[in-house]
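Side chains are part of it too, since the values below use all heavy atoms of this structure and drop only hydrogens, waters and symmetry mates. Predicted, not measured: the structure shown is a model, and the values here were computed from it.
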Amino acid sequence: MVPWATLTPTQFRVALDRGLGRALLHLRETGVVPDEDALFAACNRCQTHDWALEGHRAPWLWLLVVAAGRARAWAGPLLAALPEATTLPDMDQRAGLALCIARMGHPGATPALRAVLSHSPDPSETVPGARELIALHVVAGLRMVGEAVGTALLAGDDRHRLGMGTWMMDAEDQLGAATVAAVLAEAATPALRAVAEAWADDPADPDGGALGPDPGPTPPAPLGPAEHQSLWARVLACADAHARGAPLPMDDAALARALARLCRQPPVAVSPLMLALDTHPCPRVRRQLSRLYAGVRDPLLRALALAGTLGHPDALRWMVANLQPGDAARIQGALGLALAAEARHDQCGVLLRLHEAWPGESWDRALLHVYDQAPSSLHREEAVIRLIDDGRAPVWLGTEAAWDAHPDVAAAARAAFGA
């Protein structure tokens, strides 16, 4: 069981960084903030691994601020920090906190949100503060946002046209498409009319039909035979030079890119010479080599993985297709490796693939490791769900995960444990 009431400052900072519920449970049980500066900094800097997929943590952070007894003392400073954000994730999270502050009755929250509408670091993506003003003031909030965006459109800022879909579709989710359409139809100012005209051009295709689901990014084209042969020959030449201790004909960045391109058409068998690159000094080269052979079953790959740093994602990838009895225990005994955030993200992703590929093995420790260590809340959610589905989730996990920073993690835990 996690000793929530005895978190050290370091443990509290880690919990804040990853969004683990133990940070909130500690504050609620003790009322003591192990690191007040870290909590204030977390409010102002979005710490989610991928803001575009995971969003921000404002509602969860506000629960921490309230539990710490800092809500009234920090309301003013947090609002003052809103326009100072230089990245879209940070500004979006600060706007989310401003909504929490507004619901506390602070008179400065709405003016702060209105002021920041014209200061998006990237209006081609979205307008921070739009969602919050609509949540607070409903139709009047939509008009506030429309005036700011329309003014920018009239001034020739076409980035707002590109980013309109994000906040307008969110407005439709909040108010209903019919209400949004009615507000735009009765647009009484030039700015609102500019928004109405821009939105009328946005959601339909040239034939007048509604757009279907976003197909997502276009997958990269497969390699042609000539390019594949050329890349393979150049990479093999690098592997040969590295094995002989000779200068390589490609620099590290070019070699990593070449291996990455070869991953579009991965081999079905191992070239022993190519495996010489497993000792290349550049981590990007080693990572791409690992990805190149990730789906190949060959005893050479298993031997290399077991002989190397087994807990590292570059070794773990080769175990997905090459696992043998006893390997799951070996892998789970090697997970204490200190890794940077991106390598931890890769590691957790591969552990989830191992669990999926080899369901007959016991992966409890691996899934708990993903829960505790994953930079991405999406990986953490997957680990919690799989532990629950396998009937292997400990009670303490249900209690802690019910207060996770990501609402989907919390919802899964509460549904399973009735927290």
Side-chain angles (χ1 to χ4, degrees), residues 51-52 55-56 58-59 79 82-103 105-215:
W51 167 80
H56 59 66
L79 291 176
L82 175 54
E84 297 172 358
T86 57
T87 70
L88 196 51
D90 289 353
M91 186 168 282
D92 191 40
Q93 177 168 289
R94 295 182 197 190
L97 284 164
L99 174 60
C100 299
I101 294 168
R103 287 174 169 162
H106 196 289
T110 291
L113 285 167
R114 293 189 70 170
V116 85
L117 289 175
S118 302
H119 292 85
S120 172
D122 186 0
S124 68
E125 286 200 41
T126 193
V127 175
R131 179 193 309 113
E132 291 75 20
L133 282 168
I134 294 167
L136 285 172
H137 301 288
V138 197
V139 168
L142 176 59
R143 291 195 179 101
M144 292 177 197
V145 179
E147 287 292 334
V149 172
T151 299
L153 288 171
L154 291 172
D157 188 348
D158 232 33
R159 295 175 302 166
H160 281 276
R161 189 183 305 274
L162 294 173
M164 184 174 295
T166 306
W167 67 266
M168 280 292 284
M169 286 189 284
D170 192 77
E172 290 183 343
D173 289 342
Q174 292 186 77
L175 305 178
T179 299
V180 172
V183 171
L184 295 180
E186 62 186 27
T189 67
L192 283 176
R193 284 195 293 273
V195 170
E197 291 167 6
W199 185 236
D201 292 338
D202 186 82
D205 65 20
D207 298 322
L211 288 177
D214 182 357

Please set out all donor-acceptor pairs under 3.5 angstrom arising from side-chain atoms of residues 172-183, sequence neighbours excluded.
unit_1: Q174; atom_1: OE1; unit_2: A135; atom_2: N; d: 3.3
unit_1: Q174; atom_1: NE2; unit_2: R131; atom_2: O; d: 3.4
unit_1: Q174; atom_1: NE2; unit_2: D170; atom_2: OD2; d: 3.0
unit_1: T179; atom_1: OG1; unit_2: L175; atom_2: O; d: 3.3

Result block: side-chain N/O donor-acceptor pairs under 3.5 angstrom for residues 140-155, not counting sequence neighbours:
unit_1: R143; atom_1: NH2; unit_2: E186; atom_2: OE2; d: 2.7
unit_1: E147; atom_1: OE2; unit_2: T189; atom_2: OG1; d: 2.5
unit_1: T151; atom_1: OG1; unit_2: E147; atom_2: O; d: 2.7

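At distances below 3.5 Å, at least one donor-acceptor pair connects side-chain atoms of E132 with backbone N or O atoms of G129. Looking at S120, its side chain does come within 3.5 Å of a backbone N or O of T126 through a donor-acceptor pair.
Residues P121 and T87 form no side-chain contact, since every pair of their non-hydrogen atoms from C-beta on lies 4.5 Å or further apart.
Remark: T86 OG1 to M91 CE distance equals 8.0 Å, nearest 0.5 Å. Distance check: H160 NE2 to S124 OG gives 9.5 Å after rounding to the nearest 0.5 Å. The CG atom of L79 sits 9.5 Å away from atom OG1 of T110, with the distance rounded to the nearest 0.5 Å. Rounding to the nearest 0.5 Å places CH2 of W51 at 5.5 Å from CG of D92.
Summarising the geometry of A85 relative to R94, their closest heavy-atom pair is N-NH1, 3.4 Å, with the distance given to 0.1 Å. Among all heavy-atom pairs drawn from A102 and A109, the shortest one is CB-CB, 3.4 Å.
The neighbour count for H137 NE2, taken as heavy atoms of other residues, nucleotides or ligands under 6.0 Å away, is above 12.
The salt bridge (charged side-chain N to carboxylate O under 4.0 Å, His left out) pairs that include a residue from residues 105-126 number zero, where partners must be two or more places apart or lie in different chains.
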Could you go through D90 and H56, starting from their C-alpha distance and side-chain angles, then the distance that decides it, and tell me whether this counts as side-chain contact (heavy atoms from CB on, under 4.5 Å)? CA-CA 8 Å; D90 289 353; H56 59 66; over 6 Å; no

